[in-house]
Number of protein chains: 8
Amino acid sequence: LDRQKVHSLLTSLSKGERTVTEIYEELKTLPFKNLDFARIDSHRSLRQGAPEVIFCPGKTAEQIIAIAQELKSQHAVVLGTKASAEVARSIKKALPETQYFEASGLLIWGQIPSADPNSQQVAVVTAGTGDTPVAEEASLCLQAAGVRVERINDVGVAGLHRLLDVMGILQESVVCIVIAGMDGVLPSVVAGLVAIPVVAVPTSVGYGASFEGLAALLTMLNSCAAGLTVVNIDNGFGAAMAALRIMALRNIKSGT
Amino acid sequence: LDRQKVHSLLTSLSKGERTVTEIYEELKTLPFKNLDFARIDSHRSLRQGAPEVIFCPGKTAEQIIAIAQELKSQHAVVLGTKASAEVARSIKKALPETQYFEASGLLIWGQIPSADPNSQQVAVVTAGTGDTPVAEEASLCLQAAGVRVERINDVGVAGLHRLLDVMGILQESVVCIVIAGMDGVLPSVVAGLVAIPVVAVPTSVGYGASFEGLAALLTMLNSCAAGLTVVNIDNGFGAAMAALRIMALRNIKSGT
Amino acid sequence: LDRQKVHSLLTSLSKGERTVTEIYEELKTLPFKNLDFARIDSHRSLRQGAPEVIFCPGKTAEQIIAIAQELKSQHAVVLGTKASAEVARSIKKALPETQYFEASGLLIWGQIPSADPNSQQVAVVTAGTGDTPVAEEASLCLQAAGVRVERINDVGVAGLHRLLDVMGILQESVVCIVIAGMDGVLPSVVAGLVAIPVVAVPTSVGYGASFEGLAALLTMLNSCAAGLTVVNIDNGFGAAMAALRIMALRNIKSGT
Amino acid sequence: LDRQKVHSLLTSLSKGERTVTEIYEELKTLPFKNLDFARIDSHRSLRQGAPEVIFCPGKTAEQIIAIAQELKSQHAVVLGTKASAEVARSIKKALPETQYFEASGLLIWGQIPSADPNSQQVAVVTAGTGDTPVAEEASLCLQAAGVRVERINDVGVAGLHRLLDVMGILQESVVCIVIAGMDGVLPSVVAGLVAIPVVAVPTSVGYGASFEGLAALLTMLNSCAAGLTVVNIDNGFGAAMAALRIMALRNIKSGT
Amino acid sequence: LDRQKVHSLLTSLSKGERTVTEIYEELKTLPFKNLDFARIDSHRSLRQGAPEVIFCPGKTAEQIIAIAQELKSQHAVVLGTKASAEVARSIKKALPETQYFEASGLLIWGQIPSADPNSQQVAVVTAGTGDTPVAEEASLCLQAAGVRVERINDVGVAGLHRLLDVMGILQESVVCIVIAGMDGVLPSVVAGLVAIPVVAVPTSVGYGASFEGLAALLTMLNSCAAGLTVVNIDNGFGAAMAALRIMALRNIKSGT
Amino acid sequence: LDRQKVHSLLTSLSKGERTVTEIYEELKTLPFKNLDFARIDSHRSLRQGAPEVIFCPGKTAEQIIAIAQELKSQHAVVLGTKASAEVARSIKKALPETQYFEASGLLIWGQIPSADPNSQQVAVVTAGTGDTPVAEEASLCLQAAGVRVERINDVGVAGLHRLLDVMGILQESVVCIVIAGMDGVLPSVVAGLVAIPVVAVPTSVGYGASFEGLAALLTMLNSCAAGLTVVNIDNGFGAAMAALRIMALRNIKSGT
Amino acid sequence: LDRQKVHSLLTSLSKGERTVTEIYEELKTLPFKNLDFARIDSHRSLRQGAPEVIFCPGKTAEQIIAIAQELKSQHAVVLGTKASAEVARSIKKALPETQYFEASGLLIWGQIPSADPNSQQVAVVTAGTGDTPVAEEASLCLQAAGVRVERINDVGVAGLHRLLDVMGILQESVVCIVIAGMDGVLPSVVAGLVAIPVVAVPTSVGYGASFEGLAALLTMLNSCAAGLTVVNIDNGFGAAMAALRIMALRNIKSGT
Amino acid sequence: LDRQKVHSLLTSLSKGERTVTEIYEELKTLPFKNLDFARIDSHRSLRQGAPEVIFCPGKTAEQIIAIAQELKSQHAVVLGTKASAEVARSIKKALPETQYFEASGLLIWGQIPSADPNSQQVAVVTAGTGDTPVAEEASLCLQAAGVRVERINDVGVAGLHRLLDVMGILQESVVCIVIAGMDGVLPSVVAGLVAIPVVAVPTSVGYGASFEGLAALLTMLNSCAAGLTVVNIDNGFGAAMAALRIMALRNIKSGT
């Protein structure tokens, strides 16, 4: 496309249809637009129907509302992450159709598409019930992108046998997001059992020497299970986006 | 195999060749062996020709030699990571064919296979020349598994334009491993430019408030670029294994 | 039970009542159930009438209510730890028989059994009155398991002579749980005076450079008194469970 | 004894054999000796043939030699912990019979007694070969006290099935010391599988975000497995002493 | 001036107009007054019409009101930083003309002067909308000193092309204040693109491993872009004052 | 006294007035009582009219009320430190004569004695108005012990000349307590100017990289001014008690 | 220039001297070169004869030699920072003209130019003699850029009067770099006395709770003196580059 | 003195013996000299024969030699602290009379004076033999100032009864310096037993979670024993200087 544009510009100059100055002025703006375009393009392939996501901390309700409205005019689903209950209340007054998940601080505008039951699935696994909000953030971000999600909850050390029960589900997934607070042990165990990519998410669930998720984060970074990768504490959204990158890769590279 | 064993046990019982008690005693030990089998199986698909890797810290030269010899008898390539120069010297005396890369502490026994030039490639990118040892660890682990690696060095902030020069290479890769010390900024920039999975590796290069790589690690965990995942400081091996998981996924899922 | 099931399966095969394939199919699912069984068994000996305990942080009131009701149908006493006052209020509305200890965040459903006055006792010792909530958590968890508890409060440095006064009680106990915030000195002193196992619990009582219990935790981990062991900050429950493990040991080993 | 001494002093006064002043002078020194006695007594039951142990860091070779000689005159076995290779060399020159284990920094003077094969055993388990030096420190401290030790090495996540293979050994032990560096996951897994007391020892094995054992320490303190207790990083000696406290308890309380 | 005063004192003594004692008494107080004067003088050149600023944390509303009234009697504009909403409410009751910016906690008394459109400008750049409050603090402090400010918002990694769009504005500025939370990457990128002084301000925007701005702070301190300087987390005021120092330098040095 | 008691016991035995067993029983309890007595004695000299102080965190209002009432029955002034506003409200309902200083969390029961204007004074110096609550805690604890206190506020770096103005007051004091948040620089400056003992108190005033007072604490611990000593963050009480120790020393040593 | 190049390209096309394809091919490479050029341009103005600087950590002697030789062929002075003594020895063997300053780890190739005695000066101030190596790094980087440097050493708290003695020198400088370890107090004091820009450099001089310079860093970030900016621990080079940015600004903006 | 100088200057002016300009020139230099003088004066009272002390880290052997020679020409005893063995060797070559204590890194030039046996004593107490070097630094600094020092070693938790044995010595001292590594418990215990000022010195003795003395430091800062003050880790010199301040106070204030 851009290539064509440059060619056509040069051709029109070559043909004397436009002046050097005119062409120069247009060319001058191209590098950035090119870059811009490239980036949008790269994102387009990444997102493939992915929802637009607003990171809410530090933004006022008014700012979030304005951004959400603008994005909603162009996308089927828009999400907001880490929104406080107070900000959510203000937003709901202005945009009553807003859905709010208080535990995870997630905002949703629009209808989550239903996934093709034959499509590839991502397993979203939690160690404990307390990790559910982060799993919800990851799952909804994936579902908003049309991805089929298999939720598996509460299979930590105390329920290790339940993990073994669901190993079949894990092995049928293309990516596994494993979410754990406190000691953060579960992702290491899962990564030792499956060969697929495992994205570990530490959560701030715990107390005392969990230091708001630091303990779980360090456990995961030091995992003896080779090939585990980690995202920020409570970052369900980031894990979902990493999963989308891996899935997009498959789509792009193997044909489409 | 195991499946066959259970069948044959049951058949021998069914045929009256052995007693219930005998069969029970043998079955009692099977669950773990089964699990063992399952785990080996999962690893097999993961490794697909991957080298065996020995984590050297805390092990004596004698222990490493013994393990290396045992593994070498079964695998074409065996690697050792994070070996000190002193330990490496002792090992080379006993096993003169050992190759040692002092900067990265990597040991190699056996011949790195040459990669198929048409196969998928992994880009291994560093921010600075000082990050090269970690890149070497990642690259050799990948190459030992038969993966084609594209090395791109020294494209940090001070050489951002060089990064743009190689964007084509990045976009032709299936995974991008980005390695940076000091401020750890590069992976965020790369992940903002490409849609493929990006695995970030912080390094301990730096001084003062880099706190041995902590600064770079935190930068990467807090990245504004969505979908970046992170491994431990200086963990080139872990990044390579994560890349193998992602590539194996592609092979398995879109191949079969 | 499980053992019997395997036997009966094999017997039915041996008798020709069922086919090899049928039996195989049933056996295939057993390993995990076996493991499950093993774990429950190991826990049974551990728990010996121990209460079931729900870790509340991150769970909604609804989730806690559902779990509590399910557990209560099978156990005489069910506990919940680290519940916030707000969550407790919601739970009490649904389950009015709930007892709530606000300082320690402990929830109790059911009747704490009265301990046999001749049975072994555990000493639960605090350095200051501010450490009482953690002591309460430890004591109630032990009492819910039928253990006799001797509470000794406020015997820190400022009251060292009071500690000496109660040394007799300590020496008559089988385990001593010592709880201290701020400088966390008390467990070292106690462990220097008694020969029985001492479990140290740092608390978050303090301010400034206590860093929410970190100072007390480090003091205990670096104790010059040999053989002191430590649990997480404010983890009265964990200390109680460690005491149960030690006591169960005694029963099992010196009983059989 | 002391009791007898006080009685005999008082009796000699009562009989007029000694004067009030004489008796007063002797009694004046008793309170501390009493306390001393109490403490020695409590330690005696704890130690029951336990070796005397010298903590070497910060002490000169000369100081260690002097202390060792004094202790050796009264005990069959004397140990020194955390001694540097340089200090050990100086000591061996003066005391050639000194045994030195460089990896663990352990010094031994005297003959480790052989344990009664029918006596209770302690399992000392490591996650990786690199954790062996700490296991050696724990094991030798126990063996010097006459305790039977079962060593189980290298059963971390990558060898979980091997852990299951040795579960029988664990269940036949009275205490289990579990030693792990890097992610420190193993003690949680073990404590989830056995009912006996588990003492967790984090090690400084690892690199990067292991922060010299901090990651493993935090994992263990936040363990989801109830009743796990923890000692300082690399503190094999402390774990052994905790095990001795638990074993001594059994001996004292159940009869002898 | 002072010099003249000393001279005139000495002259009056020399002329016999005043006694040695009188002159001595006056001289005795001079050193500190001199120093005092020097400091005021140095500040005067620094401030050049700068607003007086009250640091509010730890002060009561009553204390702030008293200080503000005193300062307002002498200055056109008085600012208060980091004031809580509660304190601001109390202040507004007493001083209704108070303006309060809740997000940044900034209080303003008096009229911000309008800047000369031909004067030098400072660029105040943010990575995300959430960083706006800190930018507001910096901008208003500058504007209160009569400085022309160019605000550029939301040009972080996700909007890098927008940064390139505004590079002209940056290059026309004399100082660039760059404000970023989370990964804190933006100042490094900006400092790599412009030659003017860049003052980096980390913000506490983020969650998890951002550790309240620590991650962004460390990123900036370790920047690979040479010559970047850093102020405290959320310290928009400090960045403004640093800019004033640089601008004053220019005026003083190239003017006289 | 105690000495006399032992003598009289022994004499009564010697005289046959009491039996060996009786005397033994009484002696057995003496060591601890002796110790108890010694400690009370040492404290008496320390406190010399000092107020009793209750550390409130972690205690319920009921517990504080009970302790305060008991102490008030024996002492003229009783203080409570670090009490929350909520707890204070509950206490005031029960004990309406309670005085509460909300900023410092200080509770006072009873009448602060007026100090002898000719007695030695302690200077309590703050860097900023925000440090006043901690200064108030220190000053009231001293005044409750009858000590004359000279308060000097707001003489930080920005008002260094004011510090020089009050140097006379400092030099007339026997101890100087210097209180500072943020950069914690003031105590170093004061200790460089005066020869008397200086006790430094870091405060939690600040934001961002002050890390709740950690920055000020570290500054003070690393002071280049020789002989500065430090107490915990916000610990005005501790500084007052250290001053009392120094003053008591003088009284004891040069008086008795 | 570039502008001219684009114009001449377009003109040659317009004139029919070259084909659309040829021009397109050349233009295709321009955007990055443009960017490159822009960056070089911005750097040129920044550097104005500044030395090229190699950051040595993590680079081998061979790599440093190769880079130094390449840079030396184009620049009068080339510097290397943070080089170890061992690496420096290897480099000196290959490049005997290398100058090495062991304390600061600085390498210099080429002749430091002598500064114009009438040019603007930068004051480089240290708190203690131990901070000299960092001051040397800053000074030599400035001198290599032709800047006149005034070195002022050892004017910390213990020598505050010496600081006052040199205040004249400070006030005649355009930038002041203040370097301090341990408590890091000096930059706050200097910034309180002068109106010029002050760049603070914490050093790792100290022990114990200096935590390798962290204490000094935090002191400086929390400075009560407004407008102080900070660079990384021991980063003399960074401070010099910040000073160059400020000086370049003056040159660019006020005339040339 | 100074006062006299000013008077005499003014008088000579008043008498016409000197001109206004002459007097002005002399007065101009006085303020700093005055300040200088004041500080020397304050130090003189502090030091009262105290040795001059050189802080060695970061200084070269040459620098230390030069400073030592200059100081030695004016003082009977000069000390150097924290000198490395390598630096000490170089110094001894140049100044053979140098005494060096390797464990504590202390250098001494000159003859330590012998203390008056009737003078006040300072008790220097260590928890373990490993803390001796820090005690040596404190003791020698005190002795060099002519203070009588009572050394009490190795009275930590494991030897608490020995502490009680020496309580008499403690109570006869005017200040008690208590030095402890690992858990840092001893100062709290001592401060609970004596009424005199207690200065606590944490040491870096320990391993693992002692974090180079941080654990001991935090323990001491959070001490429950009121009135304990703390200096930096391993800072024996600072504790000695604090003791000198307290002792000087006594001398000055109580009569002489």
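On a predicted model such as this, the values are computed, not experimentally measured, just so you know. Convention: sequence-line order gives letters A, B, ...; per-chain numbering from 1. All values below come from the heavy atoms of this structure, side chains included, with hydrogens, waters and symmetry mates left out.
- When all heavy atoms of A:Asn232 and B:Leu221 are compared, the pair lying nearest together is CB-O, 3.1 Å.
- Of the two parts of A:Val230, the backbone and the side chain both hold a non-hydrogen atom closer than 4.5 Å to a non-hydrogen atom of chain B.
- Using a 4.5 Å cut-off between heavy atoms, A:Phe55 does not touch chain B at all.
- For chain B, the option among A:Ala242, A:Gly238, A:Gly227 with the highest count of heavy-atom pairs below 4.5 Å is A:Gly227.
- Heavy atoms closer than 4.5 Å to chain B are found nowhere in A:Leu218, neither backbone nor side chain.
- Interface residue B:Leu228: only backbone heavy atoms are found under 4.5 Å from chain A.
- For CD of B:Gln143, the number of neighbouring non-hydrogen atoms (other residues, nucleotides, ligands) closer than 6.0 Å is greater than 12.
- Of all the heavy atoms in A:Arg245 and B:Val198, the pair that sits closest is NH1-CG2, 3.9 Å.
- Proximity to chain A (any heavy atom under 4.5 Å) is shown, for B:Val231, by both the backbone and the side chain.
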